[in-house]
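Read through the structure below, which is laid out as C-alpha coordinates, and then see the notes.
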Amino acid sequence: QLQLVESGGGLVQSGGSLRLSCAASGFTLGDYAIGWFRQAPGKEREGVSCISSSGGTTNFADSLKGRFTISRDNAKNTVYLQMNSLKPEDTAIYYCAARTVPRILRHMCVDIRASYGYWGQGTQVTVSS
(Lines give C-alpha, C1' and ligand atoms only; values in the text may rest on other atoms or scores of the structure.)
Protein backbone atom coordinates (compact mmCIF):
# COMPACT_ATOMS: atom_id res chain seq x y z
CA GLN A 1 0.00 0.00 0.00
CA LEU A 2 1.34 3.43 -0.93
CA GLN A 3 1.42 5.60 2.16
CA LEU A 4 2.97 8.76 3.62
CA VAL A 5 2.68 9.38 7.35
CA GLU A 6 3.56 12.70 9.01
CA SER A 7 4.54 12.92 12.66
CA GLY A 8 6.23 15.29 15.09
CA GLY A 9 3.63 18.01 15.37
CA GLY A 10 2.47 19.46 18.65
CA LEU A 11 2.06 22.58 20.76
CA VAL A 12 5.02 24.92 21.19
CA GLN A 13 5.58 28.46 22.40
CA SER A 14 6.47 31.25 20.03
CA GLY A 15 10.18 31.02 19.25
CA GLY A 16 10.29 27.28 19.82
CA SER A 17 11.21 24.45 17.47
CA LEU A 18 9.70 21.27 16.08
CA ARG A 19 11.00 18.56 13.78
CA LEU A 20 8.43 16.94 11.52
CA SER A 21 8.93 13.56 9.88
CA CYS A 22 7.39 12.14 6.72
CA ALA A 23 7.77 8.38 6.47
CA ALA A 24 6.98 6.52 3.26
CA SER A 25 5.89 2.94 2.79
CA GLY A 26 4.98 0.99 -0.32
CA PHE A 27 7.25 3.04 -2.58
CA THR A 28 10.81 4.33 -2.72
CA LEU A 29 10.95 7.89 -1.44
CA GLY A 30 14.26 8.52 -3.17
CA ASP A 31 12.58 8.35 -6.59
CA TYR A 32 10.46 11.44 -5.91
CA ALA A 33 10.68 15.08 -5.01
CA ILE A 34 8.92 15.48 -1.65
CA GLY A 35 7.11 18.65 -0.67
CA TRP A 36 5.79 20.00 2.61
CA PHE A 37 2.54 21.96 2.52
CA ARG A 38 0.43 23.53 5.24
CA GLN A 39 -3.11 24.71 5.74
CA ALA A 40 -3.96 27.22 8.45
CA PRO A 41 -7.51 27.81 9.72
CA GLY A 42 -9.44 29.81 7.16
CA LYS A 43 -6.56 29.76 4.68
CA GLU A 44 -5.77 27.94 1.46
CA ARG A 45 -3.22 25.16 1.48
CA GLU A 46 0.20 26.56 0.62
CA GLY A 47 3.59 25.17 -0.26
CA VAL A 48 6.25 25.30 2.44
CA SER A 49 9.36 23.56 1.16
CA CYS A 50 10.51 20.78 -1.15
CA ILE A 51 13.48 18.48 -1.54
CA SER A 52 14.43 16.87 -4.84
CA SER A 53 15.42 13.24 -5.22
CA SER A 54 19.05 14.36 -5.41
CA GLY A 55 18.81 16.42 -2.21
CA GLY A 56 18.43 19.93 -3.61
CA THR A 57 16.05 22.07 -1.56
CA THR A 58 13.54 24.80 -2.36
CA ASN A 59 11.63 27.11 -0.03
CA PHE A 60 8.30 28.12 -1.50
CA ALA A 61 7.83 31.15 0.77
CA ASP A 62 10.40 33.87 1.42
CA SER A 63 9.11 34.27 4.97
CA LEU A 64 10.34 30.76 5.80
CA LYS A 65 13.94 31.27 4.71
CA GLY A 66 16.35 30.83 7.58
CA ARG A 67 13.72 29.23 9.82
CA PHE A 68 12.65 25.99 8.10
CA THR A 69 15.05 23.35 6.77
CA ILE A 70 14.05 20.28 4.77
CA SER A 71 16.20 17.16 4.55
CA ARG A 72 15.89 13.51 3.59
CA ASP A 73 17.31 10.16 4.58
CA ASN A 74 16.62 7.79 1.70
CA ALA A 75 17.96 4.81 3.65
CA LYS A 76 15.16 5.40 6.17
CA ASN A 77 12.63 6.34 3.47
CA THR A 78 11.95 9.53 5.43
CA VAL A 79 11.91 13.29 4.83
CA TYR A 80 12.20 15.82 7.66
CA LEU A 81 11.21 19.43 8.23
CA GLN A 82 13.12 21.23 10.96
CA MET A 83 11.16 24.29 12.07
CA ASN A 84 12.88 26.91 14.21
CA SER A 85 11.82 30.32 15.54
CA LEU A 86 8.20 29.34 15.20
CA LYS A 87 5.55 32.05 15.09
CA PRO A 88 1.82 31.92 15.79
CA GLU A 89 1.16 32.36 12.08
CA ASP A 90 2.92 29.02 11.50
CA THR A 91 -0.02 27.27 13.18
CA ALA A 92 -1.45 24.86 10.62
CA ILE A 93 -1.85 21.26 9.61
CA TYR A 94 1.34 20.23 7.85
CA TYR A 95 1.25 17.70 5.01
CA CYS A 96 3.96 15.95 3.04
CA ALA A 97 3.45 14.82 -0.53
CA ALA A 98 5.32 13.02 -3.30
CA ARG A 99 5.43 14.43 -6.81
CA THR A 100 3.94 11.89 -9.21
CA VAL A 101 4.36 13.41 -12.66
CA PRO A 102 6.18 11.37 -15.37
CA ARG A 103 9.48 9.86 -14.34
CA ILE A 104 11.65 12.38 -16.16
CA LEU A 105 10.21 15.23 -14.07
CA ARG A 106 9.16 13.72 -10.74
CA HIS A 107 12.51 14.27 -9.05
CA MET A 108 12.26 18.06 -9.41
CA CYS A 109 10.58 20.53 -7.06
CA VAL A 110 7.74 22.81 -8.14
CA ASP A 111 5.09 24.66 -6.14
CA ILE A 112 2.15 23.10 -7.97
CA ARG A 113 -0.13 21.08 -5.73
CA ALA A 114 -1.71 19.19 -8.62
CA SER A 115 1.63 17.59 -9.51
CA TYR A 116 1.84 15.83 -6.11
CA GLY A 117 -0.15 12.61 -6.13
CA TYR A 118 0.72 10.89 -2.84
CA TRP A 119 -0.39 12.76 0.30
CA GLY A 120 -0.20 12.06 4.01
CA GLN A 121 -2.98 12.76 6.50
CA GLY A 122 -1.18 15.71 8.07
CA THR A 123 0.16 16.59 11.51
CA GLN A 124 -1.05 19.53 13.59
CA VAL A 125 1.39 22.27 14.57
CA THR A 126 0.15 24.86 17.05
CA VAL A 127 2.29 27.82 18.12
CA SER A 128 1.11 29.81 21.11
CA SER A 129 1.70 33.55 21.38
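- For the residue pair Arg106 and Arg99, the shortest heavy atom distance occurs at CB-O, 3.6 Å.
- Across all non-hydrogen atoms, the minimal contact from Arg72 to Val79 is CB-CG2, 3.7 Å.
- When ring centroids are compared, Tyr116 and Phe37 come within the 6.0 Å threshold.
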Output, in order, the C-alpha distance, side-chain angles, deciding distance and verdict of side chain to side chain contact (heavy atoms under 4.5 Å, CB included) for Tyr80 and Leu20.
CA-CA 6 Å; Tyr80 305 96; Leu20 306 184; over 6 Å; no
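- Within a 6.0 Å sphere centred on CD of Gln3, other residues, nucleotides and ligands contribute more than 12 heavy atoms.
- The residues Asp31 and Arg103 are annotated as not salt-bridged, no charged nitrogen and carboxylate oxygen being separated by less than 4.0 angstrom.
- A distance of 13.0 Å separates OH of Tyr95 from SG of Cys22, quoted to the nearest 0.5 Å.
- Of all heavy-atom pairs between Lys76 and Thr78, the closest is O-OG1, 2.9 Å.
- Here the shortest heavy-atom pairing between Gly9 and Thr123 reads N-OG1, 3.2 Å.
- Looking at Asn84 and Ser17, their side chains do bring a donor and an acceptor atom within 3.5 Å of each other.
- The ring-ring contact (aromatic ring centres under 6.0 Å, His included) search around Tyr94 returns none, not counting sequence neighbours.
- No side-chain donor-acceptor contact under 3.5 Å links Arg67 and Ser85.
- Contact check for Phe60 versus Ser49: no side-chain heavy atoms found under the 4.5 Å cut-off.
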